[in-house]
Structure formats: structure tokens, C-alpha cells
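Remarks on the structure that follows.
Within every chain, numbering begins at 1; the chains are lettered A, B, ... in the order of the sequence lines, protein sequences first and strands thereafter. Treat the numbers as computed from the prediction; the structure is a model and nothing was measured.
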Number of protein chains: 2
Amino acid sequence: MGRRKIEIKRIENKSSRQVTFSKRRNGLIDKARQLSILCESSVAVVVVSASGKLYDSSSGDDISKIIDRYEIQHADELRALDLEEKIQNYLPHKELLETVQSKLEEPNVDNVSVDSLISLEEQLETALSVSRARKAELMMEYIESLKEKEKLLREENQVLASQVTMTTISSALEAN
Amino acid sequence: MGRRKIEIKRIENKSSRQVTFSKRRNGLIDKARQLSILCESSVAVVVVSASGKLYDSSSGDDISKIIDRYEIQHADELRALDLEEKIQNYLPHKELLETVQSKLEEPNVDNVSVDSLISLEEQLETALSVSRARKAELMMEYIESLKEKEKLLREENQVLASQVTMTTISSALEAN
DNA sequence: GGAACTATCTATAAAGA
DNA sequence: TTCTTTATAGATAGTTC
């Protein structure tokens with residue numbers, strides 16, 4: 001639906017790719033908005049440009065709610081570590097709290113409650129370090145993907161550089 | 001773009017709402033696919049229907065990678081820290097410690113160990129949050145530097161590509 | 001200055017009622 | 001399927017950083 005039909009393949013011209021990206025991204029987000037209103041649903045759209053810039057939108061509900069919903073669905077896939085953690089770490093703490101509290105109500109307190117507190121602290125630390133580790137992991141993954149991209153670019157670069165050399169030499173030879 | 005114009009508001013008829021949902025959802029996902037191919041980007045779409053059913057699609061990369069990318073971007077904005085904060089909210093352990101302390105302040109208790117526990121915990125928390133923040137900061141800096149490097153490579157690449165074109169054209173001209 | 005990105009306009013391909 | 005409305009290609013101008 002434009003001046004002419006285009007094939008669905010990477011647009012080679014950088015600036016028209018950029019223009020198309022911006023236009024179609026807006027179009028997509030508007031379609032998402034319409035779907036959400038027309039059919040009372042929630043839609044989240046996340047777009048990452050080639051340059052790594054992030055664009056997101058949501059309609060019908062908060063994007064984090066929609067993503068949470070996605071993560072709940074895929075809980076088995078380790079992505080929902082989040083939820084798993086809540087279940088695995090939060091519950092024992094609750095129990096532990098109750099234990100500590102009940103211990104406190106007993107007459108001869110000290111050692112037991114201090115021990116419980118230490119253990120609570122340790123469990124809490126574990127839970128926190130898991131979520132921290134998850135964040136670090138996400139960042140590391142991202143760093144790896146950037147490094148990979150860099151490597152590919154360097155390779156492409158080298159091919160191009162040798163092409164320049166070759167064509168220059170051959171045209172010099174032809175000149176003689 | 002149908003037989004007649006429709007207003008963007010909830011479709012009241014249940015069955016046509018259902019039909020529209022299905023058609024537009026597919027259309028949206030296809031548009032996402034096209035955007036990703038045309039502009040070498042990654043697009044994730046998550047749709048939750050009114051009945052709670054989940055539909056998702058991704059193009060250009062795995063949906064979890066795209067969502068990870070979203071979460072990294074919003075790391076400061078609390079989504080990645082989510083759990084950490086939630087745990088801290090669910091477990092007001094500082095208050096608990098204070099409660100314990102006040103309970104223990106009654107006759108014949110080991111005050112010293114509780115005091116040192118509280119102080120230890122506070123110090124630990126401070127140290128951890130500082131080093132955590134510092135680590136995240138360093139990683140973000142690193143990510144920025146990688147992005148910058150990528151940008152430079154892309155530019156260099158483009159220069160080389162145009163050189164190849166130029167020399168090819170000029171040697172073709174010389175041949176005539 | 002310059003690269004990256006967005007806005008505007010019109011003709012037309014394509015979505016969808 | 002039909003056939004109207006809409007999205008968007010292409011070109012270019014403007015904006016932001």
C-alpha cells in the first residue's frame with residue numbers, strides 16, 4: 001500500500017530503511033492500540049532497532065502486567081525464575097518469620113531467636129543474590145550479543161576492504 | 001480498510017468481535033514480521049484476549065531475548081529489581097529485628113549479639129547495594145562502549161561499500 | 001556539521017467489513 | 001468474494017542530539 005509494491009526483504013538503502021522503520025513502527029503500534037480497543041484485549045509491542053534502540057508500547061493494560069502474563073504462561077521455561085523465586089524463597093521466609101515470632105513469645109528466648117534471625121538473613125541473601133544474578137545474566141547475554149554483532153561487522157569490513165584493494169589494483173593494471 | 005469505516009471502540013457484537021480479534025491479531029503479527037525483516041529489527045508482540053488467553057509472536061529474535069532487552073532498559077525503573085524490592089517489602093526484616101530487639105531488651109537477655117547483628121546487617125546492606133549499583137553501572141558503561149564501537153564499524157562499513165561501488169564503476173568506464 | 005530519526009504529502013497497494 | 005478505507009512507498013523537509 002504505497003507508491004509501489006515492495007518485496008518483504010531487508011531494505012538496503014539505509015535512509016529509506018530508517019524512514020520505513022519509523023513509519024511502520026508507528027503503524028504497528030497504532031494497529032495494536034486499535035485491536036486492544038475493538039476487541040477489549042491487552043497488547044504489548046516491543047521493538048528493538050538494528051542499532052539496539054528500544055521502543056515499546058502497550059494498550060489495554062500496563063506493559064509489565066502483560067509481560068508478567070507472558071512469563072506466567074512460560075513459567076516452565078526458567079524465564080519465570082521470578083515467579084519461581086517468589087514461590088520458593090518467599091514462602092519459607094514467611095514460615096521462618098512465623099517460627100521466629102512464635103519463639104519470641106516463649107519465655108526463654110535469646111539463642112534460638114538469634115539463630116533463626118541469622119538463618120533468615122542467609123535465606124534472604126540467597127534470594128536477593130539470585131535476582132541480582134539474573135539481572136547480571138541478562139546484561140551479560142546482551143553484552144555477548146553485542147560482541148557477536150561486532151565480530152560479524154569486522155568480518156564484513158575485512159571482505160569489503162580486500163574488495164577495494166582488488167578493484168584498485170586491477171584498474172591500475174588496466175591503465176597500463 | 002473494509003467495506004465501511006468503523007469507529008475505534010469496543011465491538012458490541014460478540015461474534016464479530018471474535019472474528020475481528022482473530023483477523024486483526026494475525027494482521028498485527030504479520031506486520032510485526034514484515035517490520036522486522038524490512039528494517040532488520042526484532043519485534044515481540046504479546047496479546048491477551050478478554051478471556052485471558054495468551055497469544056505471542058516474535059520475529060528477528062527470540063521473544064525472551066526481546067523481553068530481556070526490555071527489562072535491561074528498564075532496570076533502573078525497577079522492573080529487573082522487582083523481585084529484590086518485592087522481597088524487601090514482603091519481609092520487613094529490619095522492623096522484625098527491631099521488634100526482636102525490643103522483646104529481648106527485657107531482663108536477662110543477650111543484647112550485644114542482637115545489636116551487632118543489626119549493625120552487621122546494615123553494613124552488609126549498604127556495602128552490597130553500593131557494589132551492586134557500581135557493577136550495574138560498569139556494565140552499562142561497557143554496553144554503551146560496545147554500541148559505540150558497533151556504530152563506528154557500521155559507518156566504516158558503509159564507506160568501504162561505497163568505495164567498492166565507485167572503483168567498480170570507474171574501472172567499467174575505463175574498459176570502454 | 002552531520003548522523004539519526006521524525007513529519008508531511010500524495011498516489012496507490014493492501015487490509016478487512 | 002467484493003470494493004472501500006486505510007496504510008504506507010517514495011520523496012523530501014524538518015528536528016534532535
What are the two closest non-hydrogen atoms of [X] and [Y], and how far apart are they?
{"X": "B:G60", "Y": "B:S36", "answer": "N-OG, 3.6 Å"}
{"X": "A:R24", "Y": "B:L35", "answer": "CB-CD1, 3.7 Å"}
{"X": "A:I37", "Y": "B:I8", "answer": "CG2-O, 3.7 Å"}
{"X": "B:N13", "Y": "B:S15", "answer": "OD1-N, 2.9 Å"}

Which residue lies toward the 5' end of DNA chain D, B:M1 or A:I6, if each is placed at its nearest nucleotide?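 Here B:M1 is the residue nearer the 5' end.
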
Between B:K23 and A:G27, who's closer to the 5' end of DNA chain D by nearest nucleotide?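 Upstream on the strand: B:K23.
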
At 10 degrees resolution, what angle do the end axes of the helix from C:dG2-D:dC17 to C:dA17-D:dT2 form when each is taken over five base pairs?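 The helix from C:dG2-D:dC17 to C:dA17-D:dT2 shows an end-to-end axis angle of 40°.
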
Going 5' to 3' along DNA chain C, between which two nucleotides do contacts with chain A fall, using a heavy-atom cut-off of 4.0 Å?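 First-to-last contact on DNA chain C, by the 4.0 Å heavy-atom rule, is C:dA4 to C:dG16.
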
In terms of side-chain geometry, is the basic nitrogen of B:E156 or B:R154 positioned less than 4.0 Å from the acidic oxygen of its partner?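 No salt bridge links B:E156 with B:R154.
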
Are B:R33 and B:D30 close enough for a salt bridge, meaning some N to O gap below 4.0 Å?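 Salt bridge present between B:R33 and B:D30.
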
On DNA chain C, nearest-nucleotide positions of A:G2 versus A:F21: which is more 5'?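 Counting from the 5' end, the first nearest nucleotide belongs to A:F21.
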
Which part of the nucleic acid, if any, lies within contact of A:V19, taking any heavy atom under 4.0 Å across all strands shown: a base, the sugar-phosphate backbone alone, or nothing?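 Base, at least one base atom sits under 4.0 Å.
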
Please classify the nucleic acid contact of B:T20 as base, sugar-phosphate, or nothing, using heavy-atom distances under 4.0 Å.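 The answer is sugar-phosphate, as B:T20 gets under 4.0 Å only of primed atoms, P, OP1 or OP2.
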
Establish, yes or no, whether a centroid distance under 6.0 Å links the rings of B:F21 and B:Y55.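 Between B:F21 and B:Y55, the centre distance is under 6.0 Å.
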
Using the salt bridge (Lys or Arg N to Asp or Glu O under 4.0 Å) definition, which of the options A:R10, A:K9, A:K14 pairs with A:E12?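 Answer after filtering A:R10, A:K9, A:K14: A:R10.
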
B:R3 (side chain) and D:dT2 (base): donor-acceptor pair under 3.5 Å: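 Checked by distance alone, the answer is yes.
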
Can you confirm whether A:I6 sits close enough to B:L38 that some side-chain heavy atom of one is under 4.5 Å from a side-chain heavy atom of the other?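 Result yes, sub-4.5 Å side-chain heavy-atom pair found.
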
Do B:I66 and A:V48 have side-chain heavy atoms sitting under 4.5 Å apart?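 Yes, side chains in contact.
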
Check whether B:D62 reaches the backbone of B:S64 with its side chain - one donor and one acceptor, N or O, closer than 3.5 Å.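 The answer is no, because no donor-acceptor pair under 3.5 Å joins these two groups.
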
Where along residues 29-58 of chain A does a heavy atom fall under 4.0 Å from DNA chain D?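 Residues of residues 29-58 of chain A that come under 4.0 Å of DNA chain D are, in numerical order, A:K31, A:Q34.
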
Let me know the distance between CZ of A:R25 and P of D:dA7, rounded to the nearest Å.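 Between P of D:dA7 and CZ of A:R25: 16 Å.
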
